[in-house]
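To start, the structure under review is shown below, and the notes come after it.
Throughout, protein chains are lettered first and strands after them, A, B, ... in sequence-line order, and every chain is numbered starting at 1. The figures that follow rest on heavy atoms only: side chains count, while hydrogens, waters and symmetry mates do not.
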Protein chains: 2
Amino acid sequence: MNDKEKISLCLADAQSVFRMGLRKLLSAYHELDIKGEAGNMKELKMVIGKHHPTILILDYNPKYFDGAELSRVLNEAPDCRVIIISSQIHKLGIFKSLDLNILAYLTKECSTDEIVKAIQAVNTGKRFFCNNMLDSLLKNKLIQQDQVENNSLKVNNLTKREIEIVKLVALGKRNKEIAVDLNVSHHTVHTHRKNILKKVGVRSALELTNYAKEIGII
Amino acid sequence: MNDKEKISLCLADAQSVFRMGLRKLLSAYHELDIKGEAGNMKELKMVIGKHHPTILILDYNPKYFDGAELSRVLNEAPDCRVIIISSQIHKLGIFKSLDLNILAYLTKECSTDEIVKAIQAVNTGKRFFCNNMLDSLLKNKLIQQDQVENNSLKVNNLTKREIEIVKLVALGKRNKEIAVDLNVSHHTVHTHRKNILKKVGVRSALELTNYAKEIGII
DNA sequence: AAATTAATTTAGACTTAGTCTAAATAGAGG
DNA sequence: CCTCTATTTAGACTAAGTCTAAATTAATTT
């Protein structure tokens, strides 16, 4: 096979053992060409700059791959399609990330078959969500059944004002502080907060904050 | 090398890719003999029963490995020493688990070097906590500096009564309900609760519940 | 034995958050 | 014009978290 016909891949994961496993798995597919690996942000910038891969497989754990820097790097590499393969659904900026070139979301527990399928789908510009990921999103009420359609997701329920409130609540601000910030009565903030909790289906500011992190509002 | 001198290993992890990586990593060490793998509880019971390994390397993700059943299986295999290698620190029943034969805790991001070191330590009956794990526990205030000593941990701060309260709070019970349960005034429950929050270093019942799950109280 | 300390208990005052009902205003779209 | 949604304000109530204060009991030390 001509090298130019090969799918150019890079692996970014803080878990070196997982990278080893991915290499082993993908070595059976001769149309795939693994150009390089990265265990942190610095290495990722290097391999992207050096190899310009068609596809990047990324476990985006924010402890090792800074979100803001990641956005910048990926924006500078618009031709690089991204597969997120994560064990940390909690910190997925999943909906926010749809703006970027992230086409697939996998969990680390998904089958090797799904990993290969994801690569093939993404290579032809299609989206792919593994079953684990969809199950997890459904179970955690991040999405409803009617928001899943041909492996694409449509969200989110909150209004502009409510999202403003969520951001401030997530910062740990009190209702009265938020009221000052937004130049409204503290009763208003109170009501918004109540409506948000009901809409999102959580019971406290802490749970709401977790939700906000999950869907990438903050 | 004689087979009887080899360290008999089994791998239990829902992530097949990670198992592939571990196999690849450990294949370089000829004193290690990987007897079998398991991706779920059913398979784990089979490989333990069949191979009676000296060491089990386990990512104990409760979604795939039921905690209660795990305890039972490990109790029935008292000679099997366990290395936990997890990406989900949040759900670690770490202190509770010290009763079992779990001698080492690693994160999936730790270096391959530390994995090998852990196996060697555990093989000679020693405990091992990787740097990531200790950092994480310290950062999340699950332990304080003075609770780390020669790679062993001494906890926990809470009194008997406080632990009773925590359990009931974690069930979502109200102060007045707890007061009835324990035959004390709701003021008492109130004060206990306040003291617990302060002692644990959290700010709400929800955070306390998370803590209780982390340290294995519930 | 006495003193000290930790654990458990009770109490009151205050702030904040969450749950409820109710309603006014403004804008978009049919 | 009517309706629907978003936004706003308000009051009453329950629950939880923060504060101070103190009494009783058990365990430990001196």
* **Under 4.0 angstrom between Lys198(A) side-chain N/O and dT19(C) OP1 or OP2** => no
* Asked: For the pair made of CG in Leu182(B) and C1' in dA7(C), what is the distance, rounded to whole Å?
  -> 15 Å
* **Rounded distance (Å) that lies between atom C1' of dA6(D) and atom CZ of Arg193(A)** => 20 Å
* Calculate the interatomic distance between Leu206(A) atom CG and dG18(C) atom P; express it in whole Å. => 10 Å
* To do: Specify the separation, in whole Å, of atom CG of Leu197(A) and atom P of dT16(C).
  => 18 Å
* Asked: Within less than 4.0 Å of OP1 or OP2 of dA10(D), is there a side-chain N or O belonging to Ser185(A)?
  -> yes
* Asked: Any ion pair linking Arg161(A) and Glu164(A) (charged N to carboxylate O, less than 4.0 Å)?
  -> yes
* Asked: Side chain of His190(B), base of dT18(D): donor and acceptor closer than 3.5 Å?
  -> yes
* Kindly say if Arg174(B) contacts the phosphate of dT14(D), meaning a side-chain N or O under 4.0 Å from OP1 or OP2. => no
* Asked: Once you round it to whole Å, what is the distance between P of dT24(D) and NE2 of His187(B)?
  -> 17 Å
* Asked: Can a side chain N or O of Arg203(A) be found less than 4.0 Å away from OP1 or OP2 on dG18(C)?
  -> no
* Using only heavy-atom distances, decide whether a donor-acceptor pair under 3.5 angstrom links the side-chain of Thr191(B) to the base of dT10(C). => yes
* **Lys63(B) and Glu109(A) ion-paired at < 4.0 Å** => no
* Quick one: His186(B) NE2 to dG17(D) P, roughly how many Å, whole number? -> 14 Å
* Asked: Salt bridge or not for Lys108(B) and Asp13(B), using N-O below 4.0 Å?
  -> yes
* To do: Taking only the side-chain heavy atoms of Lys194(B) (C-beta and beyond), determine which of dT8(C), dG11(D), dT20(D) contains the nearest atom.
  => dT20(D)
